There are 2 protein chains.
Amino acid sequence: MAVTGRPRGFDTDQALDAAVDVFWRRGYDGASVSELTAAMGIKPPSLYATYGDKAQLFQAALRRYVERNMGYVTDALAQPTARGVAEAFLTGNALAVTMPGSPAGCLSVQAAVATEGSTQLALLTENRTRIQSLFADRFRRSVERGDLPADEDPDELAAFLITVTSGFAIRAADGAPREVLLAMARRAMVNFPGEHSALSPTDHRPTDPKEPTHA
Amino acid sequence: MAVTGRPRGFDTDQALDAAVDVFWRRGYDGASVSELTAAMGIKPPSLYATYGDKAQLFQAALRRYVERNMGYVTDALAQPTARGVAEAFLTGNALAVTMPGSPAGCLSVQAAVATEGSTQLALLTENRTRIQSLFADRFRRSVERGDLPADEDPDELAAFLITVTSGFAIRAADGAPREVLLAMARRAMVNFPGEHSALSPTDHRPTDPKEPTHA
DNA sequence: TGACTTATGTAGTGATCACTAAGAAAGTAG
DNA sequence: CTACTTTCTTAGTGATCACTACATAAGTCA
């Protein structure tokens with residue numbers, strides 16, 4: 001890019017990783033520029049010259065976080081059956097929000113809380129909504145292929161998954177251990193339509209075939 | 001108590017309600033003292049003389065919030081069956097976090113802004129943990145009475161409920177409508193052990209925000 | 001070499017943060 | 001009335017916020 005001028009004295013990707021970590025632990029408002037620059041190993045002018053401002057740095061950090069820490073979403077969407085999709089998503093999320101060496105919880109949830117009226121809140125809500133629609137589309141295809149019963153609502157199933165994983169993020173930040181979240185992932189899967197896999201240890205109880213409460 | 005001196009020029013409970021609203025919408029760190037005093041209709045010295053400091057005001061606001069907006073917890077715990085407890089809790093929470101006239105979501109979740117290492121974060125985590133243990137104890141009694149299968153883990157069931165409602169809070173703050181959360185409450189109940197009740201799926205409880213619900 | 005370009009460190013900017021000193025205001029008690 | 005107590009308003013405190021002006025450092029190119 002710049003063929004001339006003083007070369008940059010730090011690695012932009014490495015610094016962005018440090019910013020991700022700070023935003024992850026502290027949220028958007030909680031992460032001060034001085035804390036960010038300290039973690040990134042640079043001074044404020046370098047931050048602003050490279051990334052724009054705090055909001056743009058956060059957006060870059062969020063993109064990088066999605067790339068590096070939410071790969072389980074793509075993996076889940078690629079599963080062959082709707083149940084497999086849901087199972088992989090819940091399990092992958094439970095693992096991701098309790099990953100040793102990373103802050104507990106999810107950057108997207110941690111940073112969103114308590115910033116009403118902020119542009120960043122809209123960004124994060126949009127991120128969750130986008131992921132939810134990816135799952136809804138995936139489940140719609142499953143209905144078309146007969147992989148899901150026709151009376152199941154793909155949007156409701158997707159909303160259920162996003163809601164459960166949002167709860168995982170909160171509970172992980174509260175300190176819930178990984179095995180507790182995994183147990184809840186299994187429990188949440190009990191009522192998910194489709195063939196139950198042989199791995200589910202909560203299948204010792206007969207599950208009612210159909211949702212009995214519907215208007 | 002003060003029989004002498006200049007009388008206080010504002011209503012402390014009314015001002016506290018205004019503080020609850022600000023903390024609910026903005027979180028702990030996001031709520032500035034100037035925004036709080038503006039909403040409460042008082043000046044900073046009155047705030048500090050009456051409530052101590054911002055942290056103590058928040059704690060008082062949290063207590064008041066629990067009293068006035070989490071009565072559904074007490075109501076749920078009083079239900080005769082374990083399933084009824086879970087059903088009332090999920091439904092009550094779904095209604096509470098989407099109450100017209102109140103901020104969407106839950107103060108306890110919204111305020112837990114990623115202030116890692118903050119005393120307020122510990123307070124809120126503790127609040128959730130305490131509620132979870134109330135449900136766990138309730139389910140333990142159900143197991144003893146045969147109301148729940150003996151192979152069900154009361155702690156896991158309680159954790160499941162808290163996780164789902166934590167997700168409700170996030171999704172409500174994202175703008176999820178009430179009926180979507182109620183649908184997910186019904187779905188989450190499908191895998192809850194016990195006899196399925198003839199629950200009417202649309203519980204038309206009045207949406208009066210002034211309902212006094214403390215035990 | 002010296003002109004040019006870009007990045008860097010120093011040292012701030014005004015705004016806002018939580019919080020408070022000081023004294024006037026408003027009540028009761030004698 | 002004067003004393004006393006408490007709350008009020010005014011006007012700040014130092015600290016930190018996101019952000020930047022400015023000069024210098026460090027590279028390329030003639």
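Below, read A as the first sequence line, B as the second, and so on, with proteins coming before strands; counting in each chain starts at 1. Worth saying up front: this structure is predicted, and the values here are computed from it rather than measured.
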Visitor: Report yes if some heavy atom in the side chain of A:Lys43 is under 4.5 Å from a heavy atom in the side chain of A:Tyr48; otherwise report no.
Guide: no
Visitor: In this structure, how many angstroms lie between the P atom of D:dA18 and the CG atom of A:Leu47, rounded?
Guide: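 Rounded to the whole Å, the gap is 10 Å.
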Visitor: OP1 or OP2 of D:dC17 sitting under 4.0 Å from any side-chain N/O of A:Ser32?
Guide: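 Yes, because at least one side-chain N or O of A:Ser32 sits under 4.0 Å from OP1 or OP2 of D:dC17.
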Visitor: Rounded to the nearest angstrom, tell me the gap between atom CE in A:Met40 and atom P in D:dA18.
Guide: 13 Å
Visitor: Strictly below 4.0 Å, N to O, side chains only: are A:Arg141 and A:Asp137 in salt-bridge contact?
Guide: no
Visitor: To the nearest Å, give me how far apart CZ (A:Phe10) and P (D:dG27) are.
Guide: 16 Å
Visitor: When the ring planes of B:Phe135 and B:Phe89 are compared, do they come out parallel, tilted or perpendicular, using 30° and 60° as the limits?
Guide: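 Ring orientation of B:Phe135 relative to B:Phe89: tilted.
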Visitor: Grab the CG-P distance between B:Leu36 and C:dC19 for me, whole Å please.
Guide: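 From B:Leu36 CG to C:dC19 P: 11 Å.
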Visitor: Under 4.0 angstrom, heavy atoms only, what part of the nucleic acid is A:Ala55 near: base, sugar-phosphate, or nothing?
Guide: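 Contact class for A:Ala55: none.
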Visitor: Within the 4.0 Å heavy-atom criterion, would you say A:Ser34 contacts the bases, only the backbone, or no part of the nucleic acid?
Guide: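 It contacts sugar-phosphate atoms only.
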Visitor: Toward the 5' end of DNA chain C, which comes first, A:Thr50 or A:Pro44, by nearest nucleotide?
Guide: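 With A:Thr50 and A:Pro44 compared, the 5'-side residue is A:Thr50.
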Visitor: With a 4.0 Å cut-off on N to O distance, would you call B:Glu152 and A:Arg187 a salt bridge?
Guide: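 Looking at B:Glu152 and A:Arg187, the cut-off is met.
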Visitor: Do A:Ser142 and A:Arg138 meet the criterion of a side-chain donor-acceptor pair at a distance under 3.5 Å?
Guide: yes
Visitor: With side chain to side chain contact (heavy atoms under 4.5 Å, CB included) as the test, pick out the partner of A:Asn127 among A:Ile131, A:Leu123, A:Thr129.
Guide: A:Ile131
Visitor: Tabulated below should be each protein N or O lying under 3.5 Å from an N or O of nucleotides 22-24 of chain D; please produce it.
Guide:
none

Visitor: I want to verify a distance call: between C:dT28, D:dA18, D:dA26, whose nearest atom is closest to the A:Pro7 side chain?
Guide: D:dA26
Visitor: Write down the distance between OH (A:Tyr48) and P (D:dA18), rounded to a whole number of angstrom.
Guide: 6 Å
Visitor: Verify whether the ring centers belonging to A:Phe139 and A:Phe192 lie closer than 6.0 Å.
Guide: yes
Visitor: Is there a side-chain polar atom (N or O) of B:Ser46 under 4.0 Å from OP1 or OP2 of D:dT7?
Guide: no
Visitor: Closest approach to the side chain of B:Asp53, judged atom by atom: which nucleotide of D:dA18, D:dC4, C:dC19 is it?
Guide: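 Given the options D:dA18, D:dC4, C:dC19, the side chain of B:Asp53 is closest to C:dC19.
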Visitor: Tell me: CD1 of A:Ile42 to C1' of C:dA7, nearest whole Å?
Guide: 11 Å
Visitor: C:dA18 P sits how many Å from B:Leu57 CG, rounded?
Guide: 11 Å
Visitor: In whole Å, what is the span from the NZ atom of B:Lys43 to the C1' atom of C:dA21?
Guide: 17 Å
